[in-house]
Amino acid sequence: MKKKLVISTGAGMSAESGISTFRDAGGLWENYNVMEVASHDGFVRNPALIHQFYNARRRDLLKAAPNAGHLGLVDLEKDYDVYIITQNVDDLHERAGSKNVLHLHGELMKVRALDDESKVYTLRPEAIETTPETVIDGHRVRPHIVFFQEAVPNIEPAIDLVQEADVFVVIGTSLNVYPAAGLLHYVRPGVPVYYIDPHPAAVPAGVTVISLPATAGVERLASILRGN
């Protein structure tokens, strides 16, 4: 039986694919404050702005492609039972071919019903624009994104995965965004932990730090795991 390799990815995973982040932009995207375009209160105040903002993010995503880091994680499925927990809302892990991806903060190419959050719809690449007036199957919709001030529904399944890991890896995150940053604390004692980031944060003793961007870091990780 293959060992379970659980990987937690953040914005640095997709940075080399050209996906911009709030943090890299100093808390601003297109001159909008993060709390205006990515919070519950912001959505209540100005839903049209939120829809406009995420329409633009989808357009950017359609121009992007998975990078060598994403593809490297797929290649590790030959040797491990790989599960990815991602803070990213892009679909680059899926487009690369990863089989098991859990999104903590939602998915950019999906919307959900305002009156029934269990109804989630995947947007087609040729029809990615939404507005507050958009109706699907009789429901007005919003971006399928976990805004600031909202609960993270998938954190419990993520914790379960981390507790089952035989190897745990963190890639491309500052370890400042909670609750995702707290996943590191659920790793069982004795389980190998690797942290890939060109500007790594402080981590507990025993964590192997690979101070490289995601593409080079995943290549290095694969070499270590395969004993090369």
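Not measured: the values here are computed from a predicted model.
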### Message
For the OH atom on Y80, are there more than 12 heavy atoms of other groups (residues, nucleotides or ligands in this structure) within a distance under 6.0 Å?
### Response
yes
### Query
Under 30°, 30 to 60°, or over 60°: which ring-plane class applies to Y54 and F147, parallel, tilted or perpendicular?
tilted
### Message
Are V193 and V203 packed together at the side-chain level, in the sense that at least one heavy-atom pair is separated by less than 4.5 angstrom?
### Response
no
### Query
Does the side chain of F168 reach to within under 4.5 Å of the side chain of L184, using non-hydrogen atoms?
yes
### Task
Examine V170 and V209 and state if one hydrophobic cluster contains both, with Ile, Leu, Val, Met, Phe, Trp and Tyr joined whenever side-chain heavy atoms are less than 4.5 Å apart.
yes
### Message
Quick one: does any side-chain atom of N67 pair with a main-chain N or O of M13 as donor and acceptor, under 3.5 Å?
### Response
yes
### Message
Between L71 and I84, is there shared hydrophobic-cluster membership here, with clusters defined by ILVMFWY side-chain heavy atoms closer than 4.5 Å?
### Response
no
### Atom CD of E219 with >12 non-hydrogen neighbours under 6.0 angstrom
no
### Message
Please evaluate residues N154 and H103 with respect to the criterion side-chain hydrogen bond (donor to acceptor under 3.5 Å, both in side chains), reporting the C-alpha separation (whole Å), side-chain torsions for both, the decisive distance (0.1 Å), and the verdict.
### Response
CA-CA 7 Å; N154 278 337; H103 286 267; over 6 Å; no
#### Entry: Heavy-atom pair of closest approach, residues I196 and A214
CG2-CA, 4.4 Å
### Task
For residues H70 and A96, report the shortest heavy-atom separation together with the two atoms involved.
CB-CB, 3.7 Å
### Query
If you measure from NE2 on H105 to OG1 on T86, what distance do you get to the nearest 0.5 Å?
9.0 Å
### Message
As a quick check of understanding, evaluate side chain to side chain contact (heavy atoms under 4.5 Å, CB included) for R95 and L61, giving each step before the final call.
### Response
CA-CA 11 Å; R95 283 161 56 188; L61 177 56; 3.8 Å; yes
### Task
Could you go through the side chain to side chain contact (heavy atoms under 4.5 Å, CB included) check for L108 and N88 one step at a time?
CA-CA 9 Å; L108 190 54; N88 299 335; over 6 Å; no
### Task
Flag the pair E107 / D91 as yes when at least one side-chain heavy-atom distance between them is below 4.5 Å, and no otherwise.
no
### Message
If you define the side chain from C-beta out and look only at heavy atoms, does anything of N55 sit under 4.5 Å from I128?
### Response
no
### Message
Within the 4.5 Å heavy-atom criterion, are S98 and V82 side-chain neighbours or not?
### Response
no
### Message
Run the salt bridge (charged side-chain N to carboxylate O under 4.0 Å, His left out) test on E36 and R45 for me, step by step, so that the C-alpha distance in whole Å, both residues' side-chain angles and the decisive distance to 0.1 Å come before the verdict.
### Response
CA-CA 8 Å; E36 293 301 316; R45 281 193 300 269; 3.0 Å; yes
### Task
List the atom of P47, the atom of P132, and the distance in Å for their closest heavy-atom pair.
C-CG, 3.9 Å
#### Entry: Non-hydrogen atoms of Y195 and A201 that approach each other most closely
OH-N, 3.0 Å
### Message
Within this structure, what is the CZ-CG distance for the pair R226 and L76, rounded to the nearest 0.5 Å?
### Response
5.0 Å
### Message
Is the shortest side-chain heavy-atom distance between D166 and R188 below 4.5 Å?
### Response
yes
### Query
Does NZ or CZ of R57 fall inside the cone over F53's six-membered ring, less than 6.0 Å from its centre and within 45° of the axis?
yes
### Message
Looking at E94 and K110, is any side-chain nitrogen of the basic one under 4.0 Å from a carboxylate oxygen of the acidic one?
### Response
no
### Message
Determine whether D197 and L175 satisfy the following criterion, side chain to side chain contact (heavy atoms under 4.5 Å, CB included), listing intermediate values before the conclusion.
### Response
CA-CA 10 Å; D197 195 276; L175 294 175; over 6 Å; no
### Message
Is it true that T131 and H51 share a donor-acceptor pair across their side chains at a distance under 3.5 Å?
### Response
no
#### Entry: Residue pair A158 / L104: nearest heavy atoms and the distance that separates them
CB-CD2, 3.9 Å
### Query
For the residue pair A64 and S17, what are the closest heavy atoms and their distance?
CB-O, 3.6 Å
### Y83 side-chain N/O to A165 backbone N/O, donor-acceptor pair under 3.5 Å
no
#### Entry: Worked check of side chain to side chain contact (heavy atoms under 4.5 Å, CB included) between L62 and M109
CA-CA 10 Å; L62 290 180; M109 292 301 291; 4.3 Å; yes
### Query
Should we say atom CD of Q149 is surrounded by more than 12 heavy atoms from elsewhere, each under 6.0 Å from it?
yes
### Query
In terms of hydrophobic clustering (I, L, V, M, F, W, Y; side-chain heavy atoms under 4.5 Å; direct or indirect links), are I210 and L183 co-clustered?
no
### Task
Starting at CZ of R220, measure out to CG of L225 and round the result to the nearest 0.5 Å.
10.0 Å
### Task
Begin with the C-alpha distance, continue with both residues' side-chain angles, and end with the deciding distance and a verdict on salt bridge (charged side-chain N to carboxylate O under 4.0 Å, His left out) for R59 and E129.
CA-CA 9 Å; R59 290 193 294 270; E129 306 279 330; 2.7 Å; yes
### Query
What's the spacing between I171 CD1 and L221 CG if we round to 0.5 Å?
6.5 Å
### Query
Is H93 close to S14 at the side-chain level, that is, under 4.5 Å between some pair of heavy atoms?
no
### Query
Between P192 and T208, is any pair of side-chain heavy atoms under 4.5 Å apart?
no
### Query
In terms of hydrophobic clustering (I, L, V, M, F, W, Y; side-chain heavy atoms under 4.5 Å; direct or indirect links), are L73 and Y194 co-clustered?
yes
### Query
Measuring from Q87:CD to T9:OG1, what's the distance to the nearest 0.5 Å?
7.5 Å
### Message
Looking at D79 and K3, is there a salt bridge between them, counting it only when a charged N and a carboxylate O are closer than 4.0 Å?
### Response
no
### Task
Using modelled atom types only, decide if a donor and an acceptor are shared between the side chain of E16 and the backbone of T215 within a distance under 3.5 Å.
yes
### Task
Tell me whether I19 is reachable from I145 by hopping between hydrophobic residues (I, L, V, M, F, W, Y) whose side-chain heavy atoms are closer than 4.5 Å.
yes
### Query
Just how far is it from atom CD1 of I50 to atom CG of N46, taken to the nearest 0.5 Å?
7.5 Å
### Task
Answer yes or no: does atom NZ of K2 have more than 12 heavy-atom neighbours from other residues, nucleotides or ligands under 6.0 Å?
yes
